[in-house]
Undergrad: 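Let me begin by handing over the structure; questions about it come next.
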Amino acid sequence: MTKNEIADVLSEIGVLLELSGENPFKIRAYQSGARALAAMEEAELGRLITAGELATIKGFGDALVQKITELHTTGRLVFFEKLKASIEPGLAEMLQIPGLGPKKIRALHSKLGIASIAALGQACAEGKVAELEGFGEKTQEKIVEGIRNREAYGRRHLWWDAAEIAGPIVAGLRALPQVRRAESAGSLRRGMETVGDLDFIVAADDVAPVVEWFVAQPGVKEVTAQGETKASVRFESGLQADLRIVPAGQFVFALHHFTGSKDHNVQLRQRALAAGLSLSEWGLVPAEGEGTAKEKAEQGKSLVAGSERELFAALKLSFIPPELREGLGEIEAAEGDELPRLVELADLRGAFHNHTTASDGRNTLAEMTAAAEALGWEYFGIADHSKASFQAKGLSEERLLQQIGEVHALNASQRFTTHVFTGTECDILTDGRLDFDDELLAKLDYVVVSVHNAFTQDEATMTARIIRAIEHPLTSMLGHLTGRLLLRREGYQVDVTKVIDAAIANNVVIELNANPWRLDLDWRHWRKAAERGLLTSINPDAHETAGLEDVRAGVNVARKGWLTREHVLNTRPLAEVKMWLADRRR
DNA sequence: GCCGTTTTCGGCCCGACTGTTTTCAGTCG
């Protein structure tokens, strides 16, 4: 069983244990075990198991080591199968209803025999739920509402879509006269590929006008809560947003708290406790003495911090960028001042893998180049589809030769300061051969190879297919490694670690496809891959001029993957990129 | 279930909100 499959089993065990009323700390152990596993590399897991060193990983004790090993070697886990058989399958999906947790679900099941969302809806309609002890009319109404909204609003949203809504709101909040500081927090600020809801943290002198402004924003469909310090709204798209207003002295602590992640916060609070301090969204106060952290903060016992940098410094840590706050070793690295200097949008000097009207793009070569120049890029790579991608108007040999001529003419004309590279997004055929012959590929500056068909091949076939393409001497880059579309389609079955190994061995770049729907390869792979020597390129895969901006989303993912400028080919100046590409052609 | 420069047992982050209660349990982030 693969590492991700094992991680899924561990988190499912966590859910099942919750429903069976287990010790919450035991549940947490399975959940954190699942996350630790997800952050690991496939090959590393195999190595640790073979060497009997799995227990050296933090969070893996005897029980988890035994269970992970059993899953990895046999593909089964008797404990899991028995646990699963002991719990009604419909109970887990009931957890998706807001307001329903394990305790309430168990009460519904034991007292009313409810074991599915459908049965729950029926019981509500008959008024049975409201009569239960610990429940009431309001709870029942909330459940009915939750069931109704589940389909429409239950899903997550692309980071890009969420950022487009959040940006104007933060700007608008900052422009209000009552507002001293305003930021968005949550998974949006951490640069997660998808976002559940928006969080805005505001320091303001006068609350009411700010709340009134917020709930009146365009696109707000419904105001779900409106109080003294907090308001919640739902937008037309189903996206929810929370606004929290705090006194100026608390702003930094609230911002940090609501940025998360949960794992990061837990670890940082433990670190504070070890230093005799207690951290919360209210402040950083001495742990000893009577009273809650909130009370101590209000008595002026909290550290005064004007920035998150000062908050981290008080805990003897260097500043941890929000993108790294996932509880995956960033605190340990910050302790030794060993955090990487993450790549930034301004580091990019160009981009490869862009389409034009020659294949399925919506802007011409000149329009795309002008847009690249407007971004200040030194170079710009064209990579239109190859002939096998018939549905995308893939170029024939003749049309590609013609395009090469056009690019050379454009460069010679000096119409743009941006240098244009000739390239192709060449299909990897089902057996791993490339869609153009070597003579033609050799005429190009670079070659991106991608899978666009036969997605359902089994893992061994797909992995061998992609590796064969990587081993082709004229291949420069691998496009969208897994082919996933976020919130729509899983990637194809492929052994990512083996593909990464092949790319390193053959000096081939694996692109970080920056299209907001793709963000492929996932950020969880990059840190280890880069440590092993993988080079990437943040590629917009733009099909129109506006698509070039997608590199912003790609930079987020690179930062979440701990990547520095040195790991990213398209941060290099033109002369160095020319040399790198030419070296690939020897 | 995990973990330990006091600990191999007894802890495990912290607080707000809601609805149900009449002092609090459950849920959420």
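Naming: A, B, ... by sequence-line order, numbering from 1 per chain.
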Undergrad: Under 6.0 Å from the six-membered ring centre of A:Phe200 and within 45° of its axis: does the NZ or CZ of A:Arg244 meet both?
TA: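 No cation-pi geometry.
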
Undergrad: How is A:Ser278 classified with respect to the nucleic acid when contacts are heavy atoms under 4.0 Å: base, sugar-phosphate, or nothing?
TA: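 Sugar-phosphate contact only.
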
Undergrad: Using atom C1' in both nucleotides, what's the gap between B:dA16 and B:dT6 to the nearest angstrom?
TA: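 Between the two C1' atoms, the distance is 35 Å.
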
Undergrad: Quick one: look up who B:dT8 pairs with, Watson-Crick or G-U, both distances under 3.5 Å, and put none if it's unpaired.
TA: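 No nucleotide pairs with B:dT8.
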
Undergrad: Classify the nucleic acid contact of A:Leu279 as base, sugar-phosphate or nothing, counting any heavy atom under 4.0 Å across all strands shown.
TA: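 Since only primed, P, OP1 and OP2 atoms lie under 4.0 Å of A:Leu279, the category is sugar-phosphate.
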
Undergrad: Just to be sure I understand the rule, does A:Gln267 reach a base, reach only the sugar-phosphate, or reach nothing, if contact means heavy atoms closer than 4.0 Å?
TA: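 Contact class for A:Gln267: none.
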
Undergrad: Where does B:dT21 land, syn or anti, once you apply the within-90°-of-0 test for syn?
TA: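 Here the answer is anti: the torsion falls beyond 90° from 0.
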
Undergrad: If we take the C1' atom in both B:dG10 and B:dT20, what is their distance in whole Å?
TA: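 Straight-line distance between the two C1' atoms is 33 Å.
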
Undergrad: Starting at the 5' end of DNA chain B and moving along, which residue's nearest nucleotide shows up first, A:Leu95 or A:Lys230?
TA: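 By nearest-heavy-atom nucleotide position, the 5'-most residue is A:Lys230.
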
Undergrad: What's the gap between B:dT8 and B:dG4 when it is taken at their C1' atoms, as a whole Å value?
TA: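 It comes out at 8 Å once rounded to the nearest Å.
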
Undergrad: Using residues 167-181 of chain A as the side-chain source, report each donor-acceptor pair under 3.5 Å to any protein atom, sequence neighbours left out, with the distance given to one decimal.
TA:
residue	atom	partner	partner atom	Å
A:Arg174	NE	A:Ala182	O	2.9
A:Arg174	NH2	A:Ala182	O	2.9
A:Arg174	NH2	A:Glu183	OE1	3.4
A:Arg174	NH2	A:Glu183	OE2	3.3
A:Arg180	NE	A:Asp205	OD1	2.9
A:Arg180	NH2	A:Asp205	OD1	3.2
A:Arg181	NH1	A:Gly306	O	3.0
A:Arg181	NH2	A:Gly306	O	3.2

Undergrad: Which part of the nucleic acid does A:Leu273 contact within heavy-atom distance under 4.0 Å: base, sugar-phosphate only, or nothing?
TA: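 Sugar-phosphate contact only.
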
Undergrad: Hey, can you pull the residues of residues 247-260 of chain A with a non-hydrogen atom under 4.0 angstrom from DNA chain B?
TA: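 Contacting residues: A:His257.
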
Undergrad: Could you tell me which residues satisfy side-chain contact (heavy atoms from CB on, under 4.5 Å) with A:Lys67, sequence neighbours excluded, listed by chain and number?
TA: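 Per chain and number, A:Lys67 pairs via side-chain contact (heavy atoms from CB on, under 4.5 Å) with A:Tyr30, A:Ala63, A:Leu77, A:Phe79.
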
Undergrad: If you measure from the C1' atom in B:dG26 to the same atom in B:dG11, how many Å do you get, rounded?
TA: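 Result for the C1' pair: 23 Å, nearest Å.
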
Undergrad: Hey, does A:Pro24 reach any base, or is it just sugar-phosphate, or nothing, if we go heavy atoms under 4.0 Å?
TA: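 A:Pro24: no heavy atom of the nucleic acid under 4.0 Å.
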
Undergrad: Please output the side-chain donor-acceptor pairs of residues 551-558 of chain A that fall under 3.5 Å, not counting sequence neighbours, one pair per line with the distance.
TA:
none

Undergrad: Please list, in 5' to 3' order, the outermost nucleotides of DNA chain B lying under 4.0 Å from any heavy atom of chain A.
TA: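 On DNA chain B, the outermost contacted nucleotides are B:dG1 to B:dG29.
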
Undergrad: May I ask you to decide whether A:Arg527 forms a salt bridge with A:Glu326, counting only side-chain N to carboxylate O separations under 4.0 Å?
TA: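 Salt bridge between A:Arg527 and A:Glu326, a charged N being under 4.0 Å from a carboxylate O: no.
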
Undergrad: Show the atom names and distances, to 0.1 Å, of all donor-acceptor pairs under 3.5 Å that link a side chain in residues 85-105 of chain A to residues at least two apart or in another chain.
TA:
residue	atom	partner	partner atom	Å
A:Ser86	OG	A:Leu83	O	2.6
A:Glu93	OE2	A:Ile117	N	3.4
A:Gln96	OE1	A:Arg150	NH1	2.5

Undergrad: Looking across every strand, which nucleic acid part, if any, lies under 4.0 Å from A:Lys262 by heavy atom: base, sugar-phosphate, or nothing?
TA: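 Base contact.
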
Undergrad: Checking A:Lys560 side chain against A:Glu323 main chain: does a donor-acceptor pair fall under 3.5 Å?
TA: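 Confirmed, A:Lys560 side chain pairs with A:Glu323 backbone.
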
Undergrad: Please state the C1' separation for the pair B:dT5 and B:dG1 - nearest whole angstrom.
TA: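 Nearest-Å result for B:dT5 against B:dG1 at atom C1': 24 Å.
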
Undergrad: Checking A:Glu131 now: which residues fulfil side-chain contact (heavy atoms from CB on, under 4.5 Å) with it, not counting sequence neighbours?
TA: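 Once residues adjacent in sequence are excluded, A:Glu131 has no partner under the side-chain contact (heavy atoms from CB on, under 4.5 Å) criterion.
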
Undergrad: What residue pairs, at least two apart or across chains, pass ring pair (Phe, Tyr, Trp, His ring centres under 6.0 Å) with a residue in residues 168-189 of chain A?
TA: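 Listed by first then second residue: nothing to list.
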
Undergrad: Pick the C1' atom in B:dC12 and in B:dT22, then give their distance to the nearest Å.
TA: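 Comparing C1' positions in B:dC12 and B:dT22 gives a spacing of 31 Å.
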
Undergrad: Sticking with atom C1', work out how far B:dC9 lies from B:dG15, rounded to a whole angstrom.
TA: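 Result for the C1' pair: 28 Å, nearest Å.
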
Undergrad: Using a heavy-atom cut-off of 4.0 Å across all strands, would you classify A:Asp199 as base, sugar-phosphate, or nothing?
TA: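 Answer is nothing: A:Asp199 stays at 4.0 Å or more from every strand.
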
Undergrad: When the P atoms of B:dC2 and B:dC13 are considered, how many whole Å apart are they?
TA: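 About 15 Å, rounded to a whole number of Å.
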
Undergrad: Quick one: on DNA chain B, does A:Tyr30 or A:Thr229 contact a more 5' nucleotide (nearest heavy atom)?
TA: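 It is A:Tyr30, whose closest nucleotide lies nearer the 5' terminus.
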
Undergrad: Provide the full list of ring pair (Phe, Tyr, Trp, His ring centres under 6.0 Å) pairs with a residue in residues 259-296 of chain A, sequence neighbours left out, each pair given once.
TA: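 Of all non-adjacent pairs touching residues 259-296 of chain A, those that pass ring pair (Phe, Tyr, Trp, His ring centres under 6.0 Å) are A:His256-A:His264.
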
